[in-house]
Amino acid sequence: MADGESVRVAVRVRPFNQREKDRDSKLCVRMLGPTTTVINPEDGKDKSFTFDFSYWSHDGYDNCAVSGTDGATYADQKKVFDDLGQGVLNNAYEGYNSCLFAYGQTGAGKSYSMVGYGVNKGIVPISCDEIFKRIEEQKASSPDKYQFQVTIQMLEIYNEQVRDLFSKTNPSGGLKVRMNPKSGVEVVGLTEWPVGSYQEIDERIETATKNRTVASTNMNATSSRAHTVAKMNLVDLAGSERAESTGATGDRLKEGAAINLSLTMLGNVITALAERSNNPNKKVLIPYRDSKLTCILQDALGGNSKTIMVCAISPADINFEETVGTLRYADRAKQIKNKPKVNIDPTEMLIQQLKEENERLKQQMGTGGGPPGTVMTEEEKEAMKKQLEDEMAAKMAENEKMLAEMSKSWEEKLKEAQEKAAAEGGSAQSEQKRRETEPHILNINEDPVLSRAICYFFPLGEEINIGNRDRPGEEEILLGGVSIRPDHCRVTNTDGKLIMGVREECKVLLNGADVTGKSDLELHHNDRLLIGTNYYFVVVHPSERDTSPPEEGWPEVTWDMFQREIAKAQGLNVDVNWAAMTEEEKRRALLNDELVQVMPRVQEANALSSELKRDINFETKVTSVMHKTEGTVSVVMVKVINEVTSAEFIWEKDKFINRVYLMRELYSKYLEGTLDPSLFNGDQDPFWDPIEPMNIGYSTIYLKPL
Ligand SMILES: Nc1ncnc2c1ncn2[C@@H]1O[C@H](COP(=O)(O)OP(=O)(O)OP(=O)(O)O)[C@@H](O)[C@H]1O
């Protein structure tokens, strides 16, 4: 196609989540056919966008502020797979590069569409399943005609570092990305894992998730800021809103923050590509090279690929701004034109060459063998024919041998990979068995996909010590990062009773309460532990769980529950009945929500400051500011105090959160021993404030509506 093929774009709206229900949220999205309409909750004005598909997956929620769905029915996983996944698979089968990626605000439903939850499998697992089904069908109908090689690679881009999710030993600088003129973009040294069944893919993804979790906890990073790329080019992007909220701070240091660079750059690439498609005669430079993500996705966007983008949106008015942002992004993406072409596999190319050669030889034989115009006797002709036949047979034999070798090496590779996986699987299985009977703790992560992947056991009769990985002693459990000290705390399993002791000055919260320096603390099933500032665990005590469940059953421990509990222990009122609240009470509850979000980060920033010996102290502060339309409103700010000079600054919440990411980066450099002291100078320093110190009490700060 001369002018290319458009990126296909689908938008999917999910049901209200609990938080939105608690907030008595109103529906602000409507869909009719392929059109998605959003309604501004402030003025009731609507805006419509038309895509290839608009999926109504909100279902029959009856508290709608707007008239709703115009008869649309819930679009389930099967519908989405049939429309999108099937197409991606078909394209791949026909030899096209294909890419499917998910975009949207955190919690909008990207993972639900891509991976799915429980029985509601998403596009990735269904596609994997389908690949092997098709292979079996092809093999059954023509056993010798095709050979199938399925390999899986998984990588994550975090902080502009490309990590191999199948390798435990990643180079500290990350993997290199380069352009291979023959095969396109290539990540050098990325593990390619041969797989022979869908179940093997599933196991690989599980291992990768575990590696991701370990790494993200090491880095004290919020891993949902990372981008996961699977080789079938199924891309799960980090939550989109964070890029914007960091961008909105006006903080000069944001340029240095590589964390969301990839997502910002993806936006730039999409904008540039849309511009190029709309102005074919204009020379528009596409800044692929500005980030690792855009480098890797070069083919998918504007290149040799058939690409589909799924944009996940929330239905709730409280997310209106983010939803409009996502729809605008999607609208730009649909203007991108790609130039897909069929790839020829090297083996196929060889077969093709062989066939052509045979054809040529046959023709020569048909014409008597010799070059046109040669006069030959019958005998000479016979001899020539025989010679050609021999040559052809030898060539065929040689090529067949080559093909057999190729296939053998593949079979061997597959077998090797399966053996390796079986060994790993064995230990995973025995861990799974131990989990059923032995007391243990499981990690809880902000990204639910990464929760409960790490498990530490407390075997009967043993004392297990927990300490710092960077200064290890005799401890059995080593954790990294700030504020974990050597011999931080220990847990003893005496006759099935878990008793915990915490050293002086070592921070541990048990069910929200500070237990620093305390001993003889009994741990029970479903207890929540925060060790240091970043390690969140839930206690699993199988015999207690099974013998004495509370009447209403064990509540599920989630990240959100953890945060609220900690906030509550610090005196915040977080249990609210939204529907019964006055406007003023709602404002206060929203403020509390912000405090819940900021407080743990303030503690972390203080720990980072102390580890890096910065003499800077952080405090949360609720302050009144002037709002453009709403008069004086209360907002959460962070007070920054230089303990040496006593100078004080006030940072807006977003600026502070962005700075914490930078502090973490600095701290990991410090741990690696690569910290350059000049990073503590001026605008390279995340602890620094460009404004002259001033007394607290800004008179006017203009903010977006609460
Ligand atoms: N189409 C849907 N139908 C039903 N439930 C959904 C749908 N989409 C999302 N959900 C639910 O909404 C919640 C958030 O979805 P999900 O985890 O997929 O968000 P996400 O965009 O991947 O978030 P993150 O950026 O944190 O990874 C989940 O509990 C999920 O089950």
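Numbering of ligands and ligand atoms starts at 1, following listing order. For the single chain, residues carry numbers from 1 onward in sequence order.
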Look only at the side chain of [X] and the backbone of [Y], and say whether a donor-acceptor pair between them is shorter than 3.5 Å.
{"X": "Lys110", "Y": "Ala108", "value": "no"}
{"X": "Asp52", "Y": "Val9", "value": "yes"}
{"X": "Asn526", "Y": "Pro555", "value": "yes"}

Other residues, nucleotides, ligands: >12 heavy atoms within 6.0 Å of Gln199 CD: no

Proximal atoms of ligand 1 relative to Tyr74 (non-hydrogen, under 4.0 Å): 1 (N), 2 (C), 3 (N), 4 (C)

Ligand-residue contact atoms, ligand 1 with Ser111, heavy atoms, under 4.0 Å: 18 (O), 20 (P), 22 (O), 27 (O)

OG on Ser167 to CE on Met154, rounded to 0.5 Å: 14.0 Å

Nitrogen or oxygen atoms of Gly109 and ligand 1 under 3.5 Å apart: yes

Heavy-atom nearest neighbour of atom 13 (C) of ligand 1 within options Pro15, Gly107, Ala75, Ser57: Gly107

Under-4.0 Å heavy-atom contact with ligand 1, by part of Gln105 that carries it: backbone

